[in-house]
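Keep in mind it's a predicted model, so treat the numbers as computed, not measured. In what follows, residues are counted from 1 in the order of the sequence shown.
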Amino acid sequence: QVQLKESGGGSVQAGGSLRLSCAASGYNYRPHRSDCMAWFRQVLGKEREGVAVIDRDGSTTYADSAKGRFTVSKDNAQSILYLQLNSLKPEDTAMYYCAADLSGTCAGGSYYLTRPWVYTYWGQGTQVTVSS
């Protein structure tokens, strides 16, 4: 059973940085399969928003709000997904979730950034709070 667990959230002032991690247990990187992992965020009362997607080959796609400030990466050997958050703004305050599509058919790109329902596995989330 695949389980995802996020960590690294916290409270920072505007302009600060955080590094989120998502450890995947019960899963080993499969270079021959098109799996994707992603970061989403959600503010209470609003829809879940895609932040970044990374595909099997390490190609990345970002939401416009994340471009130039956030960086998604992964350690295939350790099955860990990262999200480096720089130049944080108060509007980045949200619960951040990692997600995995392990169907072997994920092509990455904006399609997978805007459709959270394609992801089978989700973590419990880590809160990021940015104060002005």
Side-chain angles (χ1 to χ4, degrees):
Q1 179 70 15
V2 175
Q3 293 186 326
L4 305 178
K5 183 173 177 60
E6 304 92 337
S7 61
S11 297
V12 296
Q13 290 191 327
S17 297
L18 286 172
R19 190 191 196 199
L20 307 184
S21 300
C22 172
S25 59
Y27 169 73
N28 293 312
Y29 174 64
R30 303 170 294 184
H32 59 284
R33 286 179 61 90
S34 296
D35 296 335
C36 289
M37 296 192 75
W39 287 97
F40 286 78
R41 67 185 183 185
Q42 190 170 23
V43 176
L44 194 63
K46 295 188 177 181
E47 291 187 356
R48 194 162 291 191
E49 172 191 23
V51 176
V53 177
I54 186 165
D55 69 12
R56 176 192 65 184
D57 299 325
S59 294
T60 57
T61 304
Y62 295 94
D64 288 344
S65 59
K67 289 178 181 177
R69 300 188 300 126
F70 297 175
T71 303
V72 61
S73 60
K74 59 178 179 170
D75 182 330
N76 291 325
Q78 299 294 325
S79 296
I80 300 176
L81 179 72
Y82 298 102
L83 185 67
Q84 179 68 40
L85 309 172
N86 295 330
S87 302
L88 282 162
K89 304 175 182 179
E91 51 264 43
D92 295 318
T93 295
M95 186 72 79
Y96 283 71
Y97 299 89
C98 69
D101 173 1
L102 307 180
S103 66
T105 61
C106 179
S110 58
Y111 181 93
Y112 289 87
L113 194 62
T114 56
R115 291 164 177 79
W117 54 86
V118 305
Y119 294 88
T120 304
Y121 302 99
W122 291 85
Q124 83 289 349
T126 186
Q127 177 69 35
V128 172
T129 302
V130 185
S131 58
S132 58

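If you chain together hydrophobic residues whose side chains sit under 4.5 Å apart, V53 and W117 fall into the same group. Residues V51 and F40 are members of separate hydrophobic clusters, defined by side-chain heavy-atom contacts under 4.5 angstrom among Ile, Leu, Val, Met, Phe, Trp and Tyr. Criterion: ILVMFWY side-chain heavy atoms under 4.5 Å apart, direct or through other members. Under it, V12 and L83 are part of a common hydrophobic cluster. L113 and Y111 end up in the same hydrophobic cluster when Ile, Leu, Val, Met, Phe, Trp and Tyr side chains are linked at under 4.5 Å. Hydrophobic clustering places Y96 together with V130 (ILVMFWY residues linked when any side-chain heavy atoms are closer than 4.5 Å, directly or through intermediates).
Taking OG1 from T105 and CZ from R33, the interatomic distance works out to 8.0 Å, rounded to the nearest 0.5 Å. Note that NZ of K89 is 13.5 Å distant from OG of S132, once rounded to the nearest 0.5 Å. Here the CD1 atom belonging to I80 is positioned 10.0 Å from the CE atom belonging to M37, to the nearest 0.5 angstrom. The CG atom of L102 lies 5.0 Å from the CG atom of D35; values are rounded to the nearest 0.5 Å. Atom CZ in R48 sits 13.0 Å away from atom CZ in R41 (nearest 0.5 Å).
Listed for the D101 side chain is a donor-acceptor partner under 3.5 Å among the backbone atoms of S103. Judged purely by atom type and a 3.5 angstrom limit, E6 has no side-chain atom pairing as donor or acceptor with the backbone of L20. A donor-acceptor contact shorter than 3.5 Å is absent between the side chain of R19 and the backbone of Y82. Between the side chain of N86 and the backbone N or O of F70 there is no donor-acceptor pair closer than 3.5 Å. Checked by atom type and distance alone, the side chain of K74 pairs as donor or acceptor with a backbone atom of R56 at under 3.5 Å. Side chain of Q124 to backbone of K5: no donor-acceptor contact under 3.5 angstrom is found. Using a distance-only test at 3.5 Å, with no hydrogens or angles considered, no donor-acceptor pair links the side chain of T129 to the main chain of T93.
Across all their heavy atoms, V72 and Y62 have their closest contact at N-OH, 2.9 Å. The shortest heavy-atom contact between S131 and P90 is C-CG, 4.4 Å. Summarising the geometry of A94 relative to Q127, their closest heavy-atom pair is O-NE2, 3.4 Å, with the distance given to 0.1 Å. Shown here for Y119 and A38, the closest heavy-atom pair between the two residues is OH-CB, 3.5 Å. Between P116 and W122, the shortest heavy-atom contact is O-CZ2, 3.3 Å. Across every non-hydrogen atom of D92 and R69, the tightest pair is OD2-NH1, 2.7 Å.
L4 has its side chain out of reach of L81: every pair of non-hydrogen atoms, C-beta onward, lies at least 4.5 Å apart. Residues E91 and S65 fail the side-chain proximity criterion, which asks for heavy atoms closer than 4.5 Å. By the 4.5 Å heavy-atom criterion applied to side chains, D55 and C36 are counted as neighbours.
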**Study point:** Audit row: Y112, T61, side chain to side chain contact (heavy atoms under 4.5 Å, CB included) steps and yes/no
**Key:** CA-CA 9 Å; Y112 289 87; T61 304; over 6 Å; no
Review point. Do Y121 and Y27 pass the ring-ring contact (aromatic ring centres under 6.0 Å, His included) test, and can you show the C-alpha distance, the side-chain angles, and the key distance before you say yes or no?
Key: CA-CA 11 Å; Y121 302 99; Y27 169 73; 8.5 Å; no
